[in-house]
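Remember, it's 1-based here, ligands and their atoms both numbered in the order they're listed.
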Amino acid sequence: IFLMMEKLMSNAEYSNSSFGPETVLTHLGRNPSDQNGFVNTPVVRGSTVLFDSHEDLLAGKSPYKYGRHGNPTNDAVKDVITQLECAYDTLLTPSGLSAISTTLLAVAHAGDHVLISDSSYEPTRHFCETVLRANNVDVEYYDPRIGNRISTLIRTNTKAIHTESPGSLTFEVQDLPAIVEARGDRDIAIIADNSWATPLYYKPLEMGADIVIHAGTKMFVGHSDVLFGTISANEKWADKVKATYTALGVCVSPEDSFLVARGLRTLAIRMKEHERRALELAQWLEANPIVEKVFHPALPQHPDHDVFMRDFTGSGSLFGFSLLPAPQNAVSELLNHLRLFGMGYSWGGFESLILPITIKNQRSATKWLEKGNLFRVHVGLEDFDDLKSDLADGFERYKLAADL
Ligand SMILES: *Cc1c(COP(=O)(O)O)cnc(C)c1O
């Protein structure tokens, strides 16, 4: 039965199979009967693939031809993400940023215009400002809350609308269906960075986006030990993106794919726990008088809560909060003596992280007017009371240093 199911689900045509996402995550991308009964698809290392005969070589008659063009360990990951995102095909990249850059290079060329959400991940912006501009692509940033008013920014040479929802650092939720409607039937690729919600909680392709990218580094991997990215496209755009991907020579290590496949097996249960803890921490912060604001779209007070409730089925591990204004030494006091929250970039691992945020050059279409000191937290899998007391102690140090 499992064998049949795996055959069934590894075929993109069967994307309407009745198996739930947890079943896809636990069963797809491995076929024990192909590997002497061992549960997992092994790491297949290799560049060269040998053909049995001259005829086979000429006919290209083998599932794999060369390491860069496909590998069984990599395909295991590809199949799972394609299925979960309801995509036509998925490409694997060595980082989330390379998923974004490869996609933008595939859809926008010299003389074209692209629309980028103002709250996009900062390195996305950096890629646009450097490589895209140097290639004569006209880059324009838009207010993430623009909705259907994006129609006023669309030009005859617009080729891409990049979305990220909720936005990095500031957590605005985008009205993707309104953007899709404004785009109409024009040949403009709507790209969605879906790293925060994962396909478990948000399905941009089903809402009319064309290409979904992931920083697999974050929730897919889940253990802070691999850099990885994915590009999942619908049928209309898959070949175009693949052509650029292939021409650029982008590929990933099967060792990394193995670890991503391993992370994916527990994605659903990890997401549930991260979601529950993040929400609980957000509510706890909201009740603390030293906290000015909490930026979490699942909270009813969030300005985009209605859009979030309409389009998402769950929330992620990451959100922001601001504290009453205080000098930087108070921020240092808070951060320097934390016992559990690590201070570092990235997120998505099993461990909690906190990062002080300043919004300055990362915004041009909107203004960040909040006065308080901004932080971003990734809520990990530690004991919840331990996490709260770590922050509570930090807040006491902050108050003391700021004389609040
Ligand atoms: C981290 C991140 C990326 C980039 O992923 P890397 O693997 O670090 O290149 C892209 N988008 C979002 C939303 C991210 O948080």
Below 30° counts as parallel, above 60° as perpendicular, anything between as tilted: where do the rings of H378 and H274 land?
tilted
What are the distances between nitrogen or oxygen atoms of ligand 1 and protein nitrogen or oxygen atoms, counting only those under 3.5 Å?
from, atom 1, to, atom 2, distance (Å)
ligand 1, 7 (O), G96, N, 2.8
ligand 1, 7 (O), T217, OG1, 2.5
ligand 1, 9 (O), G96, N, 3.1
ligand 1, 9 (O), L97, N, 2.8
ligand 1, 11 (N), D193, OD2, 2.7
ligand 1, 15 (O), K218, NZ, 2.8
ligand 1, 15 (O), W347, NE1, 2.9

Within 45 degrees of the ring normal and closer than 6.0 Å to the centroid, is that where the cationic atom of K78 sits relative to Y88?
no
In chain order, what residues pass the ring pair (Phe, Tyr, Trp, His ring centres under 6.0 Å) check against H223, with sequence neighbours excluded?
F350
Would you mind listing every side chain to side chain donor-acceptor pair (under 3.5 Å) that reaches into residues 288-299, with sequence neighbours excluded?
K293-E370
Only counting residues at least two apart or in another chain, list the ones meeting side chain to side chain donor-acceptor pair (under 3.5 Å) with S257.
N74
Which residue, F171, Y201, F319, forms the side-chain contact (heavy atoms from CB on, under 4.5 Å) with W196?
F171
